[in-house]
Amino acid sequence: MSEEPKIAGLSPMKIALEAGKKYAFCTCGHSEAQPFCDGRHKGSSFSPNVFIVENSEDVWMCLCKQSQTGHKCDGSHKPLREANPQ
Ligand code: FES
């Protein structure tokens, strides 16, 4: 497995997160349960970003795995999408 994260998608995914629930965000990009970890990072230097939200909210979660704001989309997918038109 490459030590660069795999681009799981070129658009963020809107997810309804529930207050008090623990989530494990996939940082390697190999999970088939995007945007969440399914354990496929094992054997790599990646580990999931585990977090709990205080308030229930809809969040645009990162799939390109380039966001500098953790699991939340920061727009980093935009230049990738422009470089990889579909
Ligand atoms: S499967 Fe990607 S971090 Fe766990």
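Note: hydrogens, waters and symmetry copies are ignored here, and every other heavy atom, side chains too, is used. Ligands are counted one by one from 1 in listed order, and the atoms in each one are counted from 1 as well.
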### Contacting atoms of ligand 1, where contact means under 4.0 angstrom from a heavy atom of Asp38
1 (S)
### Query
Below 4.5 Å, heavy atoms only, C-beta onward: do Cys26 and Lys65 meet side chain to side chain?
yes
### Message
I'd like to know: is atom 2 (Fe) of ligand 1 within the 2.8 Å range of an N/O/S atom from Cys28, strictly under that distance?
### Response
yes
### Query
So Ile15 and Tyr23, side-chain contact (heavy atoms from CB on, under 4.5 Å) or not? Walk me through it.
CA-CA 11 Å; Ile15 301 290; Tyr23 295 97; 5.6 Å; no
### Query
atom 4 (Fe) of ligand 1 as vertex, arms to ND1 of His41 and SG of Cys37: angle to 10°?
90°
### Query
Which of the atoms in ligand 1, numbered in the order shown and given with their element, are less than 4.0 Å from a heavy-atom of Thr27?
2 (Fe), 3 (S)
### Task
Determine yes or no for a side-chain-to-main-chain donor-acceptor pair under 3.5 angstrom, with Asp38 supplying the side chain and Glu32 the backbone.
yes
## Note on the structure
For Leu10 and Arg81 the tightest heavy-atom approach is O-NH1, 3.5 Å
